[in-house]
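Structure, as structure tokens:
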Amino acid sequence: MHHSQINSDIRNLITEGTVIPAHPLALTAARQLDKTHQRALTRYYIDAGSGGLAVGVHTTQFAIRDVGLYRPVLEFAAETAASWTKRPLAMVAGLAGPTRQAVTEARTARDIGYHAGLLSLAAMKSASEDEIIAHCTTVAAEIPLVGFYLQPAVGGVILSARFWQRFASIDNVIAIKIAPFNRYRTLDVLRGVAAAGALDRVALYTGNDDHILLDLMLPFDLRDNGVTTRTYFKGGLLGHWSVWTASAIKQFERCKAARHKDSVPADLLALDARVTDCNSAFFDVANNFHGCIAGCHEVLRRQGLMQGLWCLDPDEGLSPGQKEEIDRVYRAHADLSDDAFVAANRDKWLA
């Protein structure tokens, strides 16, 4: 499947930039798929105004592959979305593992009707950049790719600007989720895409949960041989946006409106720090992100969108002190939550 085959409304949505939450996995106490709450989550993201869904990604738990849930979870999200709304939604499937596995997952996602694959490179830690490019090229022959620069703390591989230039030169790459949580490595990706002459084709999406709003509103000037190229992040594909999503979408629209202006309101600039503070609790920065998935589950549990915090790995849960940190940001930043929106619609989503 080539990107030219994507429905034009979907392709334009990705290119122009949108909000794509990383979809969590709702489980019962027996660690089985909780279809009622899984369906409710999908409906929640759609009604909040998301432009797409990322399913089978880190926030969905990579371990779904080990328990036979990869295809069922992707199918369930696609079926729920199709039955809940007729507006365009960019459906992005997480792809992982060595080349054979990633190709198989790409074919599965394509056959279900997903538009693109978000390619994790965590399984390629011992590979050279040449080998990783060959891997990406092979997977891109199956489905349009969204690159994924995942931070090393949760399995990411450190890659050079030259790598990102070569990656962006792959014809079937349509976007890159830039999530190294590192300014220097973020700029490496931007420089690489610019050097490939691919800024018009490859949409830049932030996954930097520590810097979301500034990524979304500020210009980036890239210099090469005395020539300046100005570019912007187009949208976000974030685990952080799996919670308080309705509020996140309002923030995204404010950031988008602030682009290309001579000045940005100080209050909007300052909001970046508040959002980052919330994320520090949800993503468990104090414990090197160990509780990042459970932290998002805890917010959704409080809202009644999940029954509990259960992960497929019984050892994965909130870190010591993380619940208290979430309590703190709830008190400090209550106006950033979307609790009222969820409470008003939850029964409908759970029906």
Side-chain angles (χ1 to χ4, degrees), residues 1-11 13-15 18 20-26 33 35 38-39 41-42 45-46 50-85 88-124 132 135-148 150 155 167 170-177 179 202-203 205 207 235 237-239 242 312:
M1 176 182 171
H2 188 260
H3 65 76
S4 60
Q5 298 171 264
I6 300 175
N7 175 284
S8 60
D9 289 340
I10 301 293
R11 188 71 179 91
L13 185 64
I14 295 169
T15 300
T18 191
I20 304 179
H23 203 308
L25 181 70
L33 178 63
K35 287 192 171 184
Q38 188 76 1
R39 183 189 299 113
L41 287 172
T42 303
Y45 299 132
I46 292 170
S50 299
L53 297 170
V55 188
V57 295
H58 177 246
T59 304
T60 323
Q61 300 177 51
F62 287 137
I64 59 172
R65 293 154 174 86
D66 302 327
V67 294
L69 281 178
Y70 181 75
R71 177 184 280 274
V73 167
L74 262 63
E75 286 179 335
F76 195 54
E79 291 164 1
T80 301
S83 66
W84 195 250
T85 185
L89 279 179
M91 299 297 292
V92 179
L95 310 177
T99 304
R100 180 178 294 181
Q101 176 184 334
V103 165
T104 299
E105 292 185 3
R107 290 171 179 168
T108 297
R110 181 191 65 204
D111 293 345
I112 294 170
Y114 280 72
H115 305 107
L118 179 69
L119 184 60
S120 169
L121 300 176
M124 308 296 289
I132 297 174
H135 168 78
C136 296
T137 302
T138 300
V139 181
E142 305 295 336
I143 195 170
L145 286 189
V146 178
F148 188 7
L150 179 65
F167 180 81
I170 299 171
D171 175 61
N172 215 21
V173 169
I174 60 170
I176 300 174
K177 172 184 173 175
V202 177
Y205 274 67
L237 199 169
L238 292 143
S242 67
L312 291 169

Requested in this report: Could you tell me which residues satisfy salt bridge (Lys or Arg N to Asp or Glu O under 4.0 Å) with E79, sequence neighbours excluded, listed by chain and number?
Outcome: none

Can you give me the closest heavy-atom contact between [X] and [Y], atom names plus distance?
X	Y	value
A102	G97	CB-O, 4.1 Å
L145	C136	CD1-O, 3.5 Å
A78	I112	CB-CG2, 4.0 Å
V202	V173	CG2-O, 3.7 Å
R110	M1	CD-CB, 3.8 Å
A81	T42	N-CG2, 4.1 Å

Please tell me if the side chains of [X] and [Y] come closer than 4.5 Å, counting only heavy atoms from C-beta onward.
X	Y	result
L74	V55	yes
F167	I176	yes
L312	D66	no
I14	V146	no

Report task. Find the distance between CG (L25) and CG (L69) and round it off to the nearest 0.5 Å. Result -> 6.5 Å

Report summary line: Output for pair (L121 CG, L95 CG), nearest 0.5 Å, gives 10.5 Å

Please answer whether the main-chain N or O of [Y] pairs with a side-chain N or O of [X] as donor and acceptor at a distance below 3.5 Å.
X	Y	result
S50	Y45	yes
D171	A140	no
Q38	A26	yes
T60	H23	yes
S242	G239	yes
Y70	G94	yes
R39	F76	no

Report task. Identify which one of H2, H3, R11 satisfies the side-chain contact (heavy atoms from CB on, under 4.5 Å) criterion when paired with P144. Result -> H3

Looking at residues at least two apart in the chain, or sitting in another chain, which of them share a side chain to side chain contact (heavy atoms under 4.5 Å, CB included) with [X]?
X	answer
T85	I46, R87, L89
D9	N7, P88
T18	L13, I20, Y205
A141	none

**Report entry** Pairs touching residues 93-103 that satisfy side-chain hydrogen bond (donor to acceptor under 3.5 Å, both in side chains), sequence neighbours left out
**Finding:** T99-H135, Q101-E105

